[in-house]
Amino acid sequence: MAIRTYGLMGVDWEERVNFERLRSERLTRIKKLLKESEMGALLCFDMNNIRYITATHIGTWAMDKLARFSLLPQDDEPIMWDFGSAARHHQLYSPWLGDNRSRAGISTQRGAMLPEAGRAEDVARKIRIELEERGLLNEPLGVDVVELPVLFALQAEGIKVVDGQQLMQQARVLKTQDEITLLATACMMVDSAYDELYRALRPGIRENECVGLVNKVLYDLGSEHVEGVNAISGERCSPHPHVYTDRALRPGDPAYFDILHSYNGYRTCYYRTFAIGSASQAQVDAYKYCREILDRAISAIKPGVTTADVVKLWPKAEDFGFPNEEAAFALQYGHGVGLSIWEKPIFSRLVSLDHPEVIEEGMVFALETFWPARDGWSAARIEEQLIVTKDGCEVITRFPAEQLLVAGVRYYTVTGPLSTTRETQSNLNAQVNGLNPQPLPPSGVGAGVDNGNKQV
């Protein structure tokens with residue numbers, strides 16, 4: 001059965017995303033894994049991990065600040081220290097946190113506060129008090145990401161700090177029913193953005209204008225955060241620069257895009273490639289092979305297969321012009337998608353052959369491939385996001401990509417429509433169009449053109 005998507009509002013007459021179930025199932029999962037670990041508690045500064053545990057969010061502006069933090073002790077409920085008045089807001093609107101579990105507390109603002117202000121030490125004292133009250137001070141404390149002053153302050157309080165990020169990744173790798181619905185809905189929104197983008201692509205539109213268009217479509221639909229839009233065109237396609245510019249698209253250009261956004265926290269990573277007006281045979285061939293190696297990987301996905309089994313189906317870095325897998329990293333690639341990109345599992349010849357991960361039902365990840373064209377400057381890039389089912393997988397990115405799409409107006413010649421497979425330089429298309437150009441007549445010799453009854 002197809003993964004369902006629904007309307008974007010809450011209604012009383014149809015169960016869509018059950019947010020109470022989403023919150024409780026996420027918290028139950030990380031509690032169980034914490035209980036099974038060596039850690040006595042888990043301290044998180046990463047906003048995505050905080051959201052997974054506490055179901056709180058204060059806006060994407062705060063994602064890189066490391067200012068807010070949460071503590072999940074063994075056999076207890078999470079405590080949230082938040083940015084000023086956000087703590088009181090949660091007391092009013094996030095009842096699942098319970099009494100006295102939403103508190104004000106600020107870290108060092110990425111070092112912006114003077115060390116003499118003692119913010120790092122204040123964070124460490126707050127954590128020590130909670131651990132002491134629960135008899136957990138002598139147990140290892142898992143931490144996901146941390147500023148060095150805070151790390152040193154925790155150690156000065158006698159706390160043994162260990163890596164908590166792997167535990168959070170383990171918790172987040174399998175998605176619940178509601179997480180899957182949110183991920184599919186996020187992809188549905190990008191389907192719409194690609195449709196609008198396809199209609200807008202034409203010679204003269206700039207990469208940054210394409211980025212603006214996609215942002216508008218997604219925010220109008222209710223996106224929480226557009227993390228990025230990769231817009232790459234023309235001669236910039238190979239090698240892949242991973243950043244857009246103000247370059248204007250030209251006839252015959254390839255253009256590929258990656259749209260990364262968040263709906264209720266859940267992300268997309270979703271590449272598509274287009275040709276503007278027409279595509280050369282080299283571009284067509286590159287796209288065909290890029291699609292072929294992607295489909296090989298998708299066809300292999302089912303529970304029990306490993307990431308090594310999948311990456312073996314992809315070409316080596318040396319096969320497409322790179323000296324090693326590190327230099328070609330993320331061109332033939334796969335990664336988990338959830339509250340962030342990238343999550344587990346990772347598919348890459350750089351790491352997966354020697355350190356394979358087993359694919360399980362309930363994983364959600366994206367597979368993406370790249371292939372440079374033989375012309376030396378154009379390339380194809382395609383990506384599909386999928387959900388692992390009990391006997392295979394289901395792709396949830398639905399904008400057409402089985403063949404290279406040509407965007408822009410259709411051009412007509414005196415003999416009919418201009419071919420959409422053609423070289424970008426018109427003089428190279430004579431044979432393609434069935435023409436046999438003749439040499440120009442000598443200067444002054446008539447060419448049979450009637451100009452006011454006078455032969456010229």
Charged N to carboxylate O below 4.0 Å: is that the case for [X] and [Y]?
X    : Y    : value
R101 : E77  : no
K32  : E36  : yes
R23  : E20  : yes
E292 : R296 : yes
R51  : E224 : yes
D246 : R206 : no
R110 : E147 : no
E130 : R125 : no
D285 : K288 : no

Pair K175-E343, salt bridge (Lys or Arg N to Asp or Glu O under 4.0 Å): steps then yes or no: CA-CA 12 Å; K175 271 54 179 185; E343 298 183 353; 2.8 Å; yes

Any side-chain heavy-atom pair of [X] and [Y] under 4.5 Å:
X    : Y    : answer
F257 : V211 : no
M63  : N48  : yes
E157 : I127 : no
Y271 : N230 : yes
I53  : L27  : yes
I298 : V395 : yes
S352 : V310 : no
N49  : L42  : no

Say whether, by atom type as modelled, one donor and one acceptor occur between the side chain of [X] and the main chain of [Y] under 3.5 angstrom.
X    : Y    : answer
Y256 : C237 : yes
Q169 : K344 : yes
S223 : S262 : yes
R349 : W314 : yes
T28  : E25  : no
T307 : F347 : no
D220 : V217 : no
T268 : H261 : yes
Q109 : K65  : no
T273 : R381 : yes

How about [X] and [Y]: does a side-chain donor come under 3.5 Å of a side-chain acceptor?
X    : Y    : value
T185 : R16  : no
R172 : S340 : yes
E207 : S233 : yes
T397 : E384 : yes
T181 : D178 : no
N18  : Q177 : no
Q403 : Y287 : no

If you look at every heavy atom in [X] and [Y], which pair is closest and at what distance?
X    : Y    : value
K35  : D75  : NZ-OD2, 2.8 Å
A380 : C290 : O-SG, 3.6 Å
S94  : T56  : OG-CG2, 4.5 Å
R291 : E402 : CG-O, 3.9 Å
Q283 : W377 : NE2-CH2, 3.8 Å
A193 : I259 : CB-CD1, 4.2 Å

Please determine whether side chain to side chain contact (heavy atoms under 4.5 Å, CB included) holds for the pair Q165 and V145, giving the CA-CA distance in whole Å, both sets of side-chain angles, and the decisive distance to 0.1 Å. CA-CA 7 Å; Q165 188 72 286; V145 292; 3.8 Å; yes

Determine, step by step, whether Y333 and I346 satisfy the side chain to side chain contact (heavy atoms under 4.5 Å, CB included) criterion, reporting the C-alpha distance in whole Å, the side-chain angles of both residues, the deciding distance to 0.1 Å, and the verdict. CA-CA 8 Å; Y333 189 54; I346 294 296; 3.4 Å; yes

Whether [X] and [Y] hold their rings parallel, tilted or perpendicular, with breakpoints at 30° and 60°:
X    : Y    : answer
W342 : H335 : tilted
W371 : F320 : tilted
F274 : Y198 : tilted

Can you tell me how far apart CD1 (I276) and CD1 (I205) are? Round to the nearest 0.5 Å.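 With rounding to 0.5 Å, CD1 (I276) is 8.5 Å from CD1 (I205).
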
Under the side chain to side chain contact (heavy atoms under 4.5 Å, CB included) rule, what do F69 and V150 come out as? Steps first, then yes or no, please. CA-CA 11 Å; F69 50 101; V150 175; over 6 Å; no

Around [X], counting heavy atoms of other residues, nucleotides and ligands shown, do more than 12 lie under 6.0 Å from its [atom1]?
X    : atom1 : answer
R88  : CZ    : no
K302 : NZ    : no
R398 : CZ    : no
D99  : CG    : no
F45  : CZ    : yes

Under 6.0 Å between ring centres: does that hold for Y194 and Y270?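 That pair passes the under 6.0 Å test.
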
From CA spacing to verdict: side chain to side chain contact (heavy atoms under 4.5 Å, CB included), N264, V17: CA-CA 10 Å; N264 276 286; V17 175; over 6 Å; no

Y52 six-ring face occupied by R26 cation (under 6.0 Å, within 45°):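 Judged by the rule, R26 and Y52 form a cation-pi pair.
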
